[in-house]
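Every chain is numbered from 1, with letters handed out A, B, ... down the list of sequences.
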Amino acid sequence: MSKTPQAIRGTQDIFGPDAEAFAFVVETFERVRKLYRFRRVEMPVFEKTEVFSRAIGETTDVVSKEMYSFEDRGGDSLTLRPEFTAGIARAYLSNGWQQHAPLKVATHGPLFRYERPQKGRYRQFHQIDAEIIGAVEPQADVELLAMADQLLKELGIANERGGVTLHLNTLGDGDSREAWRAALVEHFRAVKHELSEDSQERLEKNPLRILDSKDRRDQRFVADAPKIDQFLSDDARAFFDAVTSGLDAAGVKWTRAESLVRGLDYYRHTAFEFIPDEGSEAAGKLGSQSTILGGGRYDGLMESLGGAPTPAVGWAAGIERLAMLVGDRIEPNADVIVVVENDDLIDHAIAAIAKIRAGGHSAELMATGSPRKRFDKAVKAGADKIVAFDMRDGTEHVRFKADDKATASLEKLLG
RNA sequence: GCGAUCGUAGCUCAGUUGGUUAGAGCGCCGGUUUGUGGUACCGGAGGUCGGGGGUUCGAGACCCCUCGAUCGCCCCA
């Protein structure tokens, strides 16, 4: 044990039904993203550290204590991407993708965050991601959310009766958000010493987060805390109303979550999370990592990277979490298994399986172990069709286990 | 980063208050049986009991450290 290397903490080797579930999530995402005409993009896995620190915010937990940062041989500080949005924004600016605005893009791949591993939480994890860049209209938010909603339905995680619900909030525009934030600080500062230790710290760094604290001591003061609605400008309110009426028109069910905030600094206006319903099977499977898809509008992000003000909205979802919810997917059986019951006929079998595969059928060769047990192994493996090569009375004997029609077509294929 | 539980063959687990050569089922390999079939029986390989140190005449069982997993907190997807 001490001699063989172990996998890095928080990384995983995915195999079998888990790998099938993972692939199912990605394939479904690819299909749905095309339905909504999102274009595929690929991003580097690492960027200059400043891409993330400037975009996400120095004080956020992600930047301040969860990034895999290192100096390369040229002395530059680089970071393994902890999320997609910052890198996509950087690509948008450095490649002049403004010419394609409004631009709908989608991607998926590994992300890295130095966190304590837990169920549904890994140090290398994978997300699917969708963004609409350069669209000020609330219709962009609606389209993006409609895609998320359809994806979850096609994965079988959500259905018409529920299972997963869209929790929706608005953080208002920059000014609304700042005014709300100031009011919250004032509200909570008055009772600072009655708050949890965590929240006393959050008061200075990230007061919005106090709102979704799970600590009872905090929740007493959350109920009568100032609401964002009191600080919303007319424009911000009109924007949110347009989003909600658009969602209703699109048939996307949602619920208002006044205390939903997001952890990253760049969010404005729409913020949302898809969360399994309380007590549902999905909620049980996920444990405390309950958000399966989250995102929002980030109209301020491009400026933080030195670009022109550019409205944008996007979401990401954890593939591992989605895979847990779709359940084990069985690996498909081979269409045909070719059994070699006499080793003298191995080349005949190889010739046959080559023809079968060239004909577009998946096929497995069963030619190891005790010859007498190979047929049983093929039956056990669960193939629809079996072709067995054996010697009978000194001559080659080919047997088919399949219905008449399949046998006929196999015989034709093998000539 | 904090707290709790756990870690025995490829997999699922058993191993009594610490006491002789560490077990079972499944899987794998081989043999016999059956012979249009997922049968039955027999045999075999495979473990320095996550790793390191300690207590003891003696440790898989107790103590310490370490690594990892799981469950909360935190954070987030």
Side-chain angles (χ1 to χ4, degrees), chain A residues 1-12 15-16 25 29 56 59-67 81-85 108-130 148 152 196-199 201-202 205-206 209-210 212-216 218 260-264 267 271-276 284 286-296 314-325 333 337 339 341 368-383 386-388 390 392 397-402 407:
Chain A
M1 271 317 188
S2 60
K3 299 273 168 58
T4 49
Q6 287 185 308
I8 303 297
R9 176 171 216 197
T11 66
Q12 39 174 359
F15 175 76
V25 170
F29 173 66
I56 301 170
T59 62
T60 61
D61 280 20
V62 169
V63 170
S64 64
K65 49 192 187 195
E66 295 176 2
M67 293 206 302
R81 43 144 87 143
E83 61 137 37
F84 279 117
T85 306
H108 64 83
L111 292 315
F112 305 86
R113 249 120 98 158
Y114 191 87
E115 293 185 276
R116 184 79 173 258
Q118 228 178 85
K119 183 197 275 191
R121 192 169 90 178
Y122 306 95
R123 287 184 175 179
Q124 176 177 335
F125 59 104
H126 302 79
Q127 288 185 346
I128 51 179
D129 180 278
L152 295 177
S196 67
E197 296 74 17
D198 284 335
S199 285
E201 203 167 310
R202 284 191 277 240
K205 283 172 60 181
N206 207 343
R209 292 227 70 90
I210 299 175
D212 57 10
S213 168
K214 291 173 189 165
D215 197 301
R216 283 232 181 78
D218 299 331
L260 186 148
V261 295
R262 310 234 74 233
L264 313 181
Y267 286 110
F272 53 84
E273 294 179 359
F274 281 83
I275 302 174
L286 285 172
S288 63
Q289 310 302 319
S290 56
T291 301
I292 56 175
L293 185 152
W315 57 250
I319 297 177
E320 286 87 350
R321 290 186 191 174
L322 292 170
M324 276 191 265
L325 299 181
N333 290 334
I337 294 182
V339 180
E341 294 194 278
T368 60
S370 171
R372 314 177 85 149
K373 290 184 176 172
R374 290 176 195 168
F375 200 96
D376 282 353
K377 274 165 70 179
V379 172
K380 219 171 174 180
I386 297 175
V387 181
D390 200 1
R392 283 281 172 85
H397 183 77
V398 183
R399 288 181 295 152
F400 297 90
K401 179 182 186 292
T407 300

Integer-rounded Å distance: [N] [atom2] and [X] [atom1]:
X: Q118(A); N: U5(B); atom1: CD; atom2: P; answer: 16 Å
X: D215(A); N: C75(B); atom1: CG; atom2: C1'; answer: 15 Å
X: K380(A); N: G37(B); atom1: NZ; atom2: C1'; answer: 13 Å
X: E320(A); N: A77(B); atom1: CD; atom2: P; answer: 14 Å
X: L322(A); N: C76(B); atom1: CG; atom2: P; answer: 19 Å
X: R372(A); N: C41(B); atom1: CZ; atom2: C1'; answer: 14 Å
X: I210(A); N: C75(B); atom1: CD1; atom2: C1'; answer: 15 Å
X: F272(A); N: C76(B); atom1: CZ; atom2: C1'; answer: 15 Å

ask   = On the ring face of Y114(A), is R123(A) found with NZ or CZ under 6.0 Å from the centre and within 45° of the axis?
value = yes
key: Closest approach of R116(A) to R121(A) (non-hydrogen atoms, all atoms of both residues)   = O-NH2, 2.6 Å
query = Can you find a donor-acceptor pair, distance only, under 3.5 Å between R321(A) side chain and C76(B) base?
reply = yes
Side-chain donor/acceptor contact of R209(A) with base of C75(B) under 3.5 Å = no
ask   = When you check the gap from the basic side-chain N to the acidic O, do K65(A) and E115(A) get nearer than 4.0 Å?
value = no
Using a 4.0 Å heavy-atom cut-off, does [X] contact any base of the nucleic acid, only the sugar-phosphate backbone, or nothing at all?
X: K373(A); answer: base
X: G120(A); answer: base
X: G16(A); answer: nothing
X: R202(A); answer: sugar-phosphate
X: Y122(A); answer: base
X: R399(A); answer: base

message = Is the phosphate of C71(B) approached by K119(A) (side-chain N or O, under 4.0 Å from OP1 or OP2)?
response = yes
query = OP1 or OP2 of A69(B) sitting under 4.0 Å from any side-chain N/O of R9(A)?
reply = yes
Looking at the side chain of [X], which of [options] is the nearest nucleotide?
X: K214(A); options: C74(B), G72(B), C76(B); value: C74(B)
X: K401(A); options: G68(B), A77(B), G37(B); value: G37(B)
X: E115(A); options: A77(B), G37(B), U70(B); value: A77(B)
X: Y114(A); options: C75(B), A69(B), G1(B); value: G1(B)

Whole-Å P distance, U70(B) and C13(B) = 15 Å
key: P gap between G30(B) and U16(B), integer Å   = 37 Å
query = Picking from R399(A), H397(A), R374(A), what satisfies side chain to side chain donor-acceptor pair (under 3.5 Å) with E341(A)?
reply = R399(A)
task = Between T368(A) and T11(A), just flag the one whose closest nucleotide in RNA chain B comes earlier from the 5' side.
result = T368(A)
